[in-house]
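Every value quoted in this text rests on a predicted model; they were computed, and no experiment measured them.
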Amino acid sequence: KYKRSIKCIYIDPPYNTGQSEILYKNSYKHSSWLMLMKDRLRLGHNLLAIDGMQCTTIDDVEFHRLRELIALVFGEQNLTGVAVIKNNPSGRSTVKGFSIAHEYGIFSSRSDEAMLGMLPRTKKQLMQYPEKDEIGRFQWRNFLRAGGANDFRKARPRLHYPLIVRDNKVRLPKMEWDSQKDRWDLLENPQEETVLWPSVNEIDYTWRLGVETLKTRLDDLRVRTLRNNRLVVEVKFRLDGRGVLAKTMWDEKEMNATAYGTTMLRNIIGESQVFSFPKSIYAVEKSLRVCSVHENQNVLDYFAGSGTTGHAVINLNREDGEKRKFILVEMAEYFDTVLL
């Protein structure tokens, strides 16, 4: 029924560590665990939609082996990325001496039709866009690019052109591109106007926008005069309404599995230690957003545990009114005592 219809698989399999070790009937601990995972990864892969994605969480013990196994099942080209998740800020001591504070989320795709979802901006990020006009929120940024190697004139000569400033207004002058010399030639001699080039201390840089694009956005420029009477051109840098791409480091306090997993579960059920190592609800929500799960799409978790994946789907539906669906697979006594 659900073949090729699952938009996102989120799984938190046994980590094969001393604290959650499976009882093996032979001495092939890692290979037995890998066979357990290989069978299930292949079955799950058949259920994923053509634009579906999977997030698999793991820690350092099996990370490198699991990463290669996922590449084998999904294809190396469909390994989308790995997020380091700071799930235990206080750290967990180990025999080797390091205090472990993180785990990994391995993201993989069914095909190149899968698209990463965007994350909503935090309040702190929104505060970086304090201005507002009839189009929306924005911030002023220096129109001059003078930071990286690609910002030098030699790297992108077409972005090195003159601007004409008068009474704090900016216009593009008459100019012509010289393909032999790789430069713009100014074709007018402005009177009572200032000619600005993207240069600082006799070093030639570039502007942020090309000539053709700037023609449609001249109203988004302004000129400020600094204390040393130097003129600075600024451009409106607008807020992208789609959100932001996920970073490879997830270190927000909400990733804490103790505060937003163990404690939250205790508050819901009223008992302590009813389930070991539940995930942070917010870490799972974030993973589902990255997998771009939306209206009426299906989420599968076949290592359902305490049901955090279902909980995360419910939270997202309550937040935006969409109707995502979830399928949880689990066994053992806590199916009734915890998950249900």
Do [X] and [Y] touch side chain to side chain, with heavy atoms closer than 4.5 Å?
{"X": "Pro13", "Y": "Met37", "answer": "yes"}
{"X": "Leu328", "Y": "Tyr302", "answer": "no"}
{"X": "Val211", "Y": "Arg158", "answer": "no"}
{"X": "Ile281", "Y": "Glu285", "answer": "yes"}
{"X": "Thr262", "Y": "Phe277", "answer": "no"}
{"X": "Leu196", "Y": "Val233", "answer": "yes"}
{"X": "Arg65", "Y": "His30", "answer": "yes"}
{"X": "Leu79", "Y": "Gln77", "answer": "no"}

Sidechain-backbone polar pair: [X] side chain, [Y] backbone, donor-acceptor under 3.5 Å:
{"X": "Thr122", "Y": "Gln125", "answer": "yes"}
{"X": "Gln297", "Y": "His294", "answer": "yes"}
{"X": "Ser287", "Y": "Ala283", "answer": "yes"}
{"X": "Arg110", "Y": "His45", "answer": "yes"}
{"X": "Asn87", "Y": "Asn256", "answer": "no"}
{"X": "Asp59", "Y": "Val61", "answer": "yes"}
{"X": "Ser32", "Y": "Lys29", "answer": "no"}
{"X": "Glu188", "Y": "Lys174", "answer": "yes"}
{"X": "Gln139", "Y": "Gln128", "answer": "yes"}
{"X": "Arg40", "Y": "Leu36", "answer": "yes"}

What heavy-atom pair brings [X] and [Y] nearest, and what distance separates the two atoms?
{"X": "Pro278", "Y": "Gly261", "result": "CG-C, 3.6 Å"}
{"X": "Phe303", "Y": "Asp12", "result": "CB-O, 3.8 Å"}
{"X": "Met255", "Y": "Ser280", "result": "O-CB, 3.6 Å"}
{"X": "Ala114", "Y": "Met53", "result": "CB-CG, 3.7 Å"}
{"X": "Phe275", "Y": "Gly305", "result": "CZ-CA, 3.4 Å"}
{"X": "Arg289", "Y": "Pro120", "result": "CD-CD, 3.7 Å"}

[X] atom [atom1], neighbour heavy-atom count above 12 within 6.0 Å:
{"X": "Arg42", "atom1": "CZ", "answer": "no"}
{"X": "Asn201", "atom1": "CG", "answer": "no"}
{"X": "Phe74", "atom1": "CZ", "answer": "yes"}

Nearest 0.5 Å, please: how far is [atom2] in [Y] from [atom1] in [X]?
{"X": "Leu288", "Y": "Tyr10", "atom1": "CG", "atom2": "OH", "value": "8.0 Å"}
{"X": "Ile6", "Y": "Lys325", "atom1": "CD1", "atom2": "NZ", "value": "10.5 Å"}
{"X": "Ser306", "Y": "Ile269", "atom1": "OG", "atom2": "CD1", "value": "7.5 Å"}
{"X": "Arg266", "Y": "Thr263", "atom1": "CZ", "atom2": "OG1", "value": "4.5 Å"}
{"X": "Leu209", "Y": "Arg145", "atom1": "CG", "atom2": "CZ", "value": "9.0 Å"}
{"X": "Asn16", "Y": "Glu62", "atom1": "CG", "atom2": "CD", "value": "4.5 Å"}

Does one hydrophobic cluster hold both [X] and [Y], with members joined at side-chain heavy-atom distances below 4.5 Å?
{"X": "Ile327", "Y": "Ile9", "answer": "yes"}
{"X": "Leu159", "Y": "Val200", "answer": "no"}
{"X": "Leu47", "Y": "Ile106", "answer": "yes"}
{"X": "Met118", "Y": "Val293", "answer": "no"}
{"X": "Leu231", "Y": "Tyr205", "answer": "yes"}

Side chains of [X] and [Y]: is there a donor and an acceptor less than 3.5 Å apart?
{"X": "Asn317", "Y": "Glu322", "result": "no"}
{"X": "Glu234", "Y": "Asn142", "result": "no"}
{"X": "Asn78", "Y": "Ser108", "result": "no"}
{"X": "Thr56", "Y": "Gln54", "result": "yes"}
{"X": "Thr206", "Y": "Asp151", "result": "no"}
{"X": "His102", "Y": "Asp60", "result": "yes"}

Is any side-chain N of the basic residue among [X] and [Y] closer than 4.0 Å to the acidic one's carboxylate O?
{"X": "Asp220", "Y": "Arg238", "result": "yes"}
{"X": "Lys286", "Y": "Glu254", "result": "no"}
{"X": "Glu252", "Y": "Lys86", "result": "no"}
{"X": "Glu131", "Y": "Arg137", "result": "no"}

Would a line drawn from the ring center of Phe138 to the ring center of Trp140 be shorter than 6.0 Å? yes
Can you confirm whether or not the ring centre of His160 sits under 6.0 Å from the ring centre of Trp207? no
Between Ile70, Leu66, Val82, which is the residue that forms a side-chain contact (heavy atoms from CB on, under 4.5 Å) with Ile58? Leu66
Please name the residue in the list Val232, Leu163, Asn168 that meets the side-chain contact (heavy atoms from CB on, under 4.5 Å) test with Val223. Asn168
Salt bridge (Lys or Arg N to Asp or Glu O under 4.0 Å) between Asp51 and Lys7, intermediate numbers included: CA-CA 7 Å; Asp51 62 346; Lys7 174 64 175 178; 3.2 Å; yes
Given the options Phe63, Tyr15, Trp250, Tyr104 meets ring pair (Phe, Tyr, Trp, His ring centres under 6.0 Å) only with Phe63
Ring-plane angle category for Trp184 and Trp177, please: parallel below 30°, perpendicular beyond 60°, tilted otherwise. perpendicular
Evaluation steps, salt bridge (Lys or Arg N to Asp or Glu O under 4.0 Å), between Arg324 and Glu295: CA-CA 5 Å; Arg324 305 168 185 84; Glu295 183 73 32; over 6 Å; no
Just do the salt bridge (Lys or Arg N to Asp or Glu O under 4.0 Å) check on Asp219 and Arg217 with the steps written out, would you? CA-CA 5 Å; Asp219 290 339; Arg217 293 194 57 188; over 6 Å; no
Worked verdict on Asp133 versus Lys236 for salt bridge (Lys or Arg N to Asp or Glu O under 4.0 Å): CA-CA 10 Å; Asp133 60 13; Lys236 289 180 179 180; 3.0 Å; yes
